[in-house]
Each structure stands twice: as structure tokens, then as C-alpha cells.
There are 2 protein chains.
Amino acid sequence: MEQTLTNSIQDYLKNIYELTENGESASTNALASRLNVKPASVTGMVQKLASAKPALVEYQKHQGVTLTDDGKKAALEVIRHHRLLEAWLVQTLGYTWDEVHAEAEKLEHVISEDFERRIAAAMGHPLRDPHGELIPTADLQMPLDDSTPLSSLRPGQFGKIEYVKASEAELLRYLENLGLIPGADIEVKDHSPFDHNLTIKMGRKSVVLGLNITSKIYVKES
Amino acid sequence: MEQTLTNSIQDYLKNIYELTENGESASTNALASRLNVKPASVTGMVQKLASAKPALVEYQKHQGVTLTDDGKKAALEVIRHHRLLEAWLVQTLGYTWDEVHAEAEKLEHVISEDFERRIAAAMGHPLRDPHGELIPTADLQMPLDDSTPLSSLRPGQFGKIEYVKASEAELLRYLENLGLIPGADIEVKDHSPFDHNLTIKMGRKSVVLGLNITSKIYVKES
DNA sequence: AATATATTTTAGTCAAGACTAAATATTTTG
DNA sequence: CAAAATATTTAGTCTTGACTAAAATATATT
């Protein structure tokens with residue numbers, strides 16, 4: 001089971017994972033455009049992965065691809081690397097959210113399991129990366145996502161902020177000033193159906209937030 | 001000039017650099033055994049590097065290889081990456097000297113110039129890696145080595161310890177306990193020509209050290 | 001100097017993984 | 001429901017960087 005997968009194969013698996021999270025199977029074309037590769041190349045690779053010694057994907061001619069359990073494991077390993085790396089680069093080297101991606105994209109394929117363990121431990125085994133994405137666990141399970149966009153809460157509901165999915169420093173600072181940071185407890189007071197503005201209460205403070213913001217703030221209902 | 005070199009080519013250049021530091025040219029065989037590759041493969045690659053658009057090596061049939069200025073730049077870039085990474089991994093993730101090499105060997109090929117700058121700055125632009133090797137500067141010059149093995153000092157000479165080139169934790173702890181750490185000022189008192197033992201004085205303390213140790217302690221004469 | 005030995009080079013293969021062009025399915029639409 | 005548009009696959013090519021076997025050249029030994 002411990003085959004050593006090439007960078008290219010890891011990229012295929014990672015992208016198939018991301019395209020099939022919704023339950024659908026991944027199409028040749030969709031994969032090709034994500035991987036910056038021609039569709040014909042995808043067909044070739046996918047056939048190879050399907051007939052690998054422990055098969056990594058499930059594949060039927062014009063039917064798209066799915067990961068096998070082995071394939072999913074391999075994909076989650078790469079995704080874990082990627083997200084841990086993003087978190088680590090941001091925390092230790094002052095990268096911003098938009099700068100880390102390319103760097104992590106390259107490093108994810110070459111770090112050792114030892115390195116993975118060390119950075120995970122150094123950060124206290126974080127649950128999410130800087131973009132708010134869940135980090136697969138060390139035993140390669142994708143944790144359940146128990147958060148929903150704040151925009152989907154109804155008046156009267158309570159929640160705790162889990163993460164903010166935004167990269168604009170300006171917006172982040174704005175929210176931080178309001179106290180809208182991970183961990184904050186909030187209550188939805190009012191909902192204006194016409195323009196989708198929500199009135200939020202935190203402690204004694206009230207704020208009105210538009211959909212452009214409430215759809216980026218993810219909360220755990222409580 | 002900004003070609004993007006493959007990992008393989010970077011490895012060739014790095015190893016040619018290391019084999020030619022003494023002024024000699026690198027032989028096909030020597031390179032092959034360092035790179036874990038057959039001599040015939042080396043010949044092929046070396047021919048390719050010699051006829052690259054800006055040539056990276058100088059090469060004449062049975063005469064061995066040398067780096068051109070462009071090739072040397074590329075080699076120093078990789079070596080700088082490697083040594084900065086080793087220092088960084090040791091300092092931030094608690095790797096020991098013997099653990100870092102393999103990890104750095106992989107990372108050196110994929111980190112960005114930005115990453116390089118960030119870790120260099122984070123460490124205060126160190127001069128040497130954890131093995132005591134000099135780190136090429138940001139403008140890709142190899143600094144002059146102003147240190148010599150303690151074993152080559154004569155009685156009456158003074159020096160300051162620059163680094164200790166050893167990886168055994170036991171030896172390092174022993175030397176640390178004696179105060180034989182980078183920065184320490186020492187004086188050579190006596191030299192026993194028969195067994196090459198040196199008597200060293202540091203402050204009011206005297207120690208007798210064998211060649212196996214004095215050849216690993218590098219000092220700057222003063 | 002002649003031969004033995006070691007090193008290096010040539011020539012031809014191979015596997016990965018991309019590509020193009022052409023053939024074939026599948027969808028969409030009129 | 002057939003025609004056109006779109007998506008996918010096949011077949012064959014290319015490049016990279018390894019390999020083996022055999023030929024050529026250097027070096028060393030007697």
C-alpha cells in the first residue's frame with residue numbers, strides 16, 4: 001500500500017477528491033482544466049490509476065472518475081500536507097492568506113511524515129487552515145464540518161464564530177474591530193428579507209451586516 | 001538567464017560544485033556515484049548542460065566537468081537553499097543535525113525566492129548551517145572561510161571557536177560542558193607530537209584534547 | 001612499448017507523462 | 001428525433017532522464 005506516488009499523480013488525486021466531494025464523479029474536462037492539462041492526457045492518466053496494483057480510482061469510459069479508498073487516503077494525505085503548510089507558513093513566516101497557496105502547492109509533495117508531524121505538533125494540531133478549510137486528521141479522515149454561514153441563521157438563533165472565509169486584510173481588520181473573530185458568541189436579532197441584512201448582537205453591542213459579509217462568517221449553532 | 005532548472009539538473013550542478021571546490025574538475029565516475037546514477041547517464045546529462053543556451057558547464061570529452069559562471073550561480077542557489085533550510089529546520093522544528101539532511105535535500109528544489117528571503121531574515125541571515133558549513137550569500141557568493149581546525153594551531157596561538165563539525169549528540173554535550181562552544185576564546189598551551197594531543201586553556205581552565213576532537217573544532221586565529 | 005585494466009563515451013531502449021489529430025460517444029437543441 | 005455541438009477516448013508522437021551493452025579511449029603495469 002505504501003507506493004510512492006509522483007507529484008503528478010498526487011495532483012490528480014487531490015483534484016479528483018475536490019471535484020467529487022459533492023458526491024458527483026469528476027469529468028475528464030473538469031479535471032483537465034484544473035490541472036492545466038489537455039483532456040486526452042487526463043484520460044490516459046486516469047486509465048493508469050484505475051489499473052494500478054491497488055487501484056486508486058474507479059473509472060468507466062464516459063462516466064467520469066471516483067476515488068477508491070486507497071485513492072482517497074492518498075488525496076487526504078496531500079490535502080493535509082497542503083493545509084498544515086499553509087497554516088504553518090502564515091504562523092511562522094508571516095505569509096498572508098493569498099501568498100501561501102503557491103508555496104504550499106509545491107511543498108505538499110515533498111515533505112516527510114516526520115515534517116508533517118512536527119509542524120502539526122508545533123501548531124497544536126489545528127483544525128482549520130488559514131482559509132478556514134478543515135484539515136484532514138493524522139489518520140486521514142476529513143473531519144465533519146459543523147459550521148454554517150452566518151447568513152443562514154434565523155432571528156433568535158445563537159452561534160459561535162468558527163472562522164472567517166475571507167482574504168482581504170481590510171475586511172478582516174474591520175471584523176476584528178467589531179469583535180467578530182473566531183470564538184465570539186453572537187445572536188441573530190433581526191433579518192431584513194429584502195436586502196438580506198442581518199442584525200447581530202454580541203454582548204451589548206449590535207451590528208448590521210450585509211450578505212457579502214454574513215456569507216463569509218462561519219458559525220457553529222448553539 | 002532565468003531558465004527553470006529541473007531537480008535533476010540542480011542536483012548535477014550542486015554535486016559538480018562540491019567536487020570542483022578544490023580546483024580539480026569532476027570526473028564522470030565520481031559524479032555518477034554521488035548521484036546514484038550510472039556513468040553513461042552522467043555523460044549524457046553533462047553533454048546537454050554544456051550545450052545549453054547559456055552553457056552551465058565546461059566539458060571536453062575525457063576531461064571531466066567544470067561549472068561556468070552561470071552554472072556556479074545555479075549551484076550556489078541550491079546550496080544556499082539547502083543550508084538555510086537545515087538551519088531553519090533545526091531552529092524551528094527541533095530537528096537534530098543528522099535528521100535534517102534528507103528533508104532539506106527535497107525542499108531545496110521547490111522553495112521560492114520569497115521563502116528563502118523569509119527564513120534567512122527570520123534567522124538573522126546566518127553565516128553557517130548547523131554542520132558549520134558556510135551559507136552562500138543572497139547574491140550568490142560563497143563567503144571566504146576564515147576558520148581552521150583547532151588541530152592546526154601551534155602552542156602559543158590564540159583563537160576563537162567558530163563552529164564544531166560533529167553530529168554526535170554525546171560529543172556535543174561533552175564539549176558544551178567544557179565551554180568549548182562557538183564564541184569561546186582559547187589558547188593552545190602544549191602539543192604532544194607523538195599522539196597529537198593538545199592542551200587547551202580557556203580562562204583558568206585547561207583541557208587536553210585528542211586529534212579526533214581538535215580536528216572537528218574550527219577556530220578563527222586571533 | 002605492449003598489454004591489461006579502468007574509465008568514459010556511444011548507441012540504442014525504456015517509462016512517464018505530456019501533446020495533437022482524428023475517431024467516437026453523449027448531450028443539447030431545433 | 002435527428003443534427004449539431006460538446007465531451008471523451010484512441011492512437012501515435014515527443015521530451016526527459018534514466019538504463020544496458022558495446023566500443024573507444026586513458027591509464028597503469030610489467
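Only a predicted model underlies this, so the values are computations on that prediction, with no experimental measurement involved. Scope of the values below: all heavy atoms of this structure, side chains included, with no hydrogens, waters or symmetry mates. We name chains A, B, ... by the order of the sequence lines, and we start the count at 1 in each one.
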_Other residues, nucleotides and ligands only: do more than 12 of their heavy atoms fall within 6.0 Å of CD on B/E170?_
no
*Does CD in A/Q60 sit with more than 12 non-hydrogen atoms of other residues, nucleotides or ligands closer than 6.0 Å?*
no
*Taking protein heavy atoms under 4.0 Å as touching, what does nucleotides 11-22 of chain D look like 5' to 3' if B marks base contact, S marks sugar-phosphate-only contact and - marks none?*
-----SSSBBB-
Any salt bridge linking [X] with [Y]? Criterion: basic side-chain nitrogen under 4.0 Å from a carboxylate oxygen.
| X | Y | answer |
| --- | --- | --- |
| A/R34 | A/E18 | yes |
| A/D114 | A/R117 | yes |
| A/R80 | A/E108 | no |

*DNA chain C contacts among residues 23-32 of chain B, heavy-atom distance under 4.0 Å*: B/S27, B/T28, B/N29
If I take atom [atom1] in residue [X] and atom [atom2] in nucleotide [N], what distance separates them, rounded to the nearest angstrom?
| X | N | atom1 | atom2 | answer |
| --- | --- | --- | --- | --- |
| A/Q63 | C/dT26 | CD | P | 8 Å |
| B/Y59 | C/dT7 | OH | P | 16 Å |
| B/Q60 | D/dA24 | CD | C1' | 17 Å |

Can you tell if the side chain of [X] reaches within under 4.5 Å of the side chain of [Y], non-hydrogen atoms only?
| X | Y | result |
| --- | --- | --- |
| B/H101 | B/H82 | yes |
| B/Y163 | B/D129 | no |
| A/E103 | A/L85 | no |
| A/V42 | A/V65 | no |

*Using only side-chain N and O atoms of A/K61, determine if any of them is under 4.0 Å from OP1 or OP2 of C/dT24.*
no
*Is B/Q47 near enough to C/dT10 that one of its side-chain N or O atoms lies under 4.0 angstrom from OP1 or OP2?*
yes
*Centroid separation B/W88 to B/F115 less than 6.0 Å*: no
Do any N or O atoms of the protein come closer than 3.5 Å to N or O atoms of nucleotides 1-4 of chain C, and which pairs are they?
none

*Measuring from B/I161:CD1 to B/L175:CG, what's the distance to the nearest 0.5 Å?*
8.0 Å
